[in-house]
Peer 1: 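Before I ask anything, here is the structure I am working with.
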Protein chains: 2
Amino acid sequence: MAAPEGMFVLEGRPTAQLIADQLRELIVQGAFSPGQQVNESALASQLSTSRGPLREALQRLCQEGILVSKRNRGVFVLELSTQDVKEIYAVREAVELAAANTLLDSDSEQVADTCRELKGIIRNMAKQVAASDWQAIARLDMQFHTAFVSGTGNTRLIRIYETLAAESRMCILSLEVAYPRIDVLVQEHQQILEFLEARDRSGLQQAIKRHMQKAVEDLTASPEATGITA
Amino acid sequence: MAAPEGMFVLEGRPTAQLIADQLRELIVQGAFSPGQQVNESALASQLSTSRGPLREALQRLCQEGILVSKRNRGVFVLELSTQDVKEIYAVREAVELAAANTLLDSDSEQVADTCRELKGIIRNMAKQVAASDWQAIARLDMQFHTAFVSGTGNTRLIRIYETLAAESRMCILSLEVAYPRIDVLVQEHQQILEFLEARDRSGLQQAIKRHMQKAVEDLTASPEATGITA
DNA sequence: TAAGTGTAGATTGTCAACAATACACGATTC
DNA sequence: GAATCGTGTATTGTTGACAATCTACACTTA
């Protein structure tokens with residue numbers, strides 16, 4: 001037999017990770033409000049599993065920082081302050097700058113592959129902008145940046161960025177429809193792509209810095225209108 | 001009552017985190033050999049707890065990447081390849097560069113506090129170098145860099161770096177006594193401290209880059225003599 | 001009325017037993 | 001003799017029950 005391929009390996013990944021991934025997706029989609037307690041029994045039965053595996057998954061998300069655990073109290077979904085927003089985007093900037101440098105140091109084939117993927121994402125983004133599907137836009141926004149970092153092939157950088165992406169989506173979620181002007185959003189991503197294609201290091205670095213700075217400004221501009229705590 | 005202060009809060013932190021911290025320390029001290037399977041029952045009784053809490057702790061360390069979980073097989077201690085070493089130090093460089101920039105953007109008091117701490121660590125390091133206590137040197141080495149990043153106050157950056165520090169100690173552990181020439185090690189840290197005190201941005205950046213580059217060279221120089229896989 | 005106290009309910013923390021899976025070793029067959 | 005098959009053992013995965021803790025609310029008391 002050549003290879004079992006898709007022959008029901010029935011999820012080779014460990015259970016806790018599967019549950020954690022499901023739960024993370026639920027959280028970034030806003031299925032839980034910030035600061036809300038996560039009820040273990042309820043969630044376990046909802047995900048049709050037991051409390052044991054669920055708790056293991058919760059611990060993973062606590063380690064990520066998406067959930068916070070208080071002894072004998074339970075776990076709660078992270079509440080984002082403006083301080084948190086600044087932190088998150090500062091780290092994102094650091095990671096993306098590192099990714100940019102790594103990419104520009106790598107062979108052009110790898111860069112080309114990444115550019116192809118980014119181009120497709122931008123196309124989809126423009127499509128969703130036309131449809132004003134904010135949830136989809138937020139997803140594609142992070143998908144763009146995740147793909148950018150994934151282009152480096154640095155698994156640790158990628159893992160770190162996955163967490164940052166989740167937290168960013170939680171930030172954006174708080175903004176809700178108050179997403180900044182959208183044409184600018186697409187344009188900024190387009191710009192990053194072009195600098196990468198042109199292999200313009202300093203241009204790419206500046207574009208990333210601007211993009212992050214703008215994002216922080218948008219997210220911290222009207223704290224009273226959002227769920228983000230002062 | 002003014003404040004209960006140290007009045008037996010009896011570990012407010014969640015259990016899984018406590019166990020995870022213990023276990024992480026055991027791992028970076030080399031209590032387990034790379035690639036070794038972690039036996040749940042044995043470890044649980046050894047740490048005088050049950051399998052439940054222990055498994056939760058293991059999941060945390062899996063999320064960090066210090067352990068790897070294989071379904072229906074168990075969790076194993078991370079085996080480091082030269083590729084891993086390169087990844088780890090690339091991310092460390094990114095994080096420390098970001099920390100450097102953040103520090104130099106902050107007020108001088110914060111920088112002064114950090115410098116004071118770093119100076120003390122270097123003193124201790126020189127002491128241990130005289131005693132040739134490699135285990136202690138490795139600990140102080142990472143303590144220096146952790147303190148450097150902690151100076152930023154960015155909790156996410158700090159958390160990320162804690163994992164990187166653990167992985168770095170696992171790298172150094174593989175090197176064992178083959179630590180590079182020690183006078184240079186102290187000197188390099190001293191240099192970083194001086195650039196920080198002088199608030200010399202580009203000098204500090206270059207020093208960090210050199211430090212990381214040297215470390216990778218040392219760690220990947222003689223792969224046959226170490227436990228690091230090709 | 002306001003502060004403090006005690007109880008009830010709910011939720012988390014822990015544990016031990018059960019089920020399922022994978023690995024190792026010996027038996028069997030060609 | 002080599003490969004394959006079947007069995008046994010050890011380890012992980014899962015579950016439900018029990019214990020400990022916290023929050024909320026009604027009750028008492030100054």
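Throughout, protein chains are lettered first and strands after them, A, B, ... in sequence-line order, and every chain is numbered starting at 1.
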Peer 1: So, OP1 or OP2 of C/dT14: does either fall under 4.0 Å of a side-chain N or O from B/Thr49?
Peer 2: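 Looking at the OP1 and OP2 atoms of C/dT14, neither is under 4.0 Å from any side-chain N or O of B/Thr49.
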
Peer 1: As an exercise, state the distance from SG of B/Cys62 to CD of A/Gln17, rounded to the nearest 0.5 Å.
Peer 2: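 Going from the SG atom of B/Cys62 to the CD atom of A/Gln17 covers 8.5 Å.
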
Peer 1: Give the ring-plane orientation class for B/His211 versus B/His189, where under 30° counts as parallel, over 60° as perpendicular and anything between as tilted.
Peer 2: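 Taking B/His189 first and then B/His211, their aromatic rings stand perpendicular (interplane angle over 60°).
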
Peer 1: Can you tell me how far C1' of D/dT11 sits from CZ of B/Arg71, to the nearest Å?
Peer 2: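 Atom CZ in B/Arg71 sits about 15 Å away from atom C1' in D/dT11.
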
Peer 1: For A/Asp105, which residues count as a salt bridge (Lys or Arg N to Asp or Glu O under 4.0 Å) partner, sequence neighbours excluded?
Peer 2: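 Salt bridge (Lys or Arg N to Asp or Glu O under 4.0 Å) check on A/Asp105 returns A/Arg201.
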
Peer 1: Testing the basics here: between B/Ile160 and B/Val95, what is the closest heavy-atom pair and its distance to 0.1 Å?
Peer 2: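 Shortest heavy-atom contact: CG2-CG2, 4.2 Å.
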
Peer 1: Would you say D/dT12 has OP1 or OP2 under 4.0 Å from some side-chain N or O of B/Asn39?
Peer 2: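 So the side chain of B/Asn39 is within the cut-off, an N or O lying under 4.0 Å from OP1 or OP2 of D/dT12.
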
Peer 1: With respect to the phosphate group of C/dT12, does any side-chain polar atom (N or O) of A/Gln37 fall under 4.0 Å of OP1 or OP2?
Peer 2: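 Result: yes.
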
Peer 1: Quick test of your reading of the model: are A/Asp133 and A/Lys127 salt-bridged, counting only N-O distances below 4.0 Å?
Peer 2: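 Salt bridge flag = no for A/Lys127 with A/Asp133.
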
Peer 1: According to the Watson-Crick and G-U wobble definition with distances under 3.5 Å, which dot-bracket string, read 5' to 3', encodes DNA chain C, using [ ] for crossing pairs and | for pairs with another strand?
Peer 2: ||||||||||||||||||||||||||||||

Peer 1: Less than 4.0 angstrom between a side-chain N/O of A/Arg73 and OP1 or OP2 of D/dT21, yes or no?
Peer 2: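 No, A/Arg73 has no side-chain N/O under 4.0 Å of OP1/OP2 on D/dT21.
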
Peer 1: Quick check for you: to the nearest 0.5 Å, what is the distance between B/Arg92 atom CZ and B/Ser168 atom OG?
Peer 2: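 Between atom CZ of B/Arg92 and atom OG of B/Ser168 there are 4.0 Å.
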
Peer 1: Rounded to whole angstrom units, what separation is found between the CG atom of B/Leu18 and the C1' atom of C/dT14?
Peer 2: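 After rounding, the gap between these two atoms is 15 Å.
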
Peer 1: Return the residues of residues 54-69 of chain A meeting this criterion: a heavy atom under 4.0 Å from some atom of DNA chain C. Order them by number, or give none.
Peer 2: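 Heavy-atom contacts with DNA chain C come from A/Arg55.
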
Peer 1: Are A/Thr15 and D/dT14 close enough that a side-chain N or O sits under 4.0 Å from OP1 or OP2?
Peer 2: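 Answer yes for this pair, as a side-chain N or O of A/Thr15 is under 4.0 Å from OP1 or OP2.
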
Peer 1: Produce the list of close N/O pairs, under 3.5 Å, pairing protein atoms with atoms of nucleotides 5-9 of chain D; give distances to one decimal.
Peer 2:
none

Peer 1: Salt-bridged, B/Arg24 to B/Glu64, with N to O below 4.0 Å?
Peer 2: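 Result for this pair is yes, salt bridge flagged.
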
Peer 1: Roughly how many Å is it from NZ in B/Lys70 to P in D/dG13, rounded to a whole number?
Peer 2: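 In whole Å, D/dG13 P and B/Lys70 NZ are 13 Å from each other.
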
Peer 1: List for me each residue that meets salt bridge (Lys or Arg N to Asp or Glu O under 4.0 Å) alongside A/Arg159, sequence neighbours excluded, and say none if there are none.
Peer 2: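 A/Arg159: no salt bridge (Lys or Arg N to Asp or Glu O under 4.0 Å) contacts found.
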
Peer 1: Dump every N/O contact between nucleotides 17-21 of chain C and the protein below 3.5 Å, one line per pair.
Peer 2:
residue	atom	partner	partner atom	Å
C/dT21	O3'	B/Asn72	ND2	3.4

Peer 1: Inspect the contact between B/Arg169 and B/Asp141 and indicate whether a charged nitrogen and a carboxylate oxygen are less than 4.0 angstrom apart.
Peer 2: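 Judged by the 4.0 Å cut-off on N to carboxylate O distance, B/Asp141 and B/Arg169 do not form a salt bridge.
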
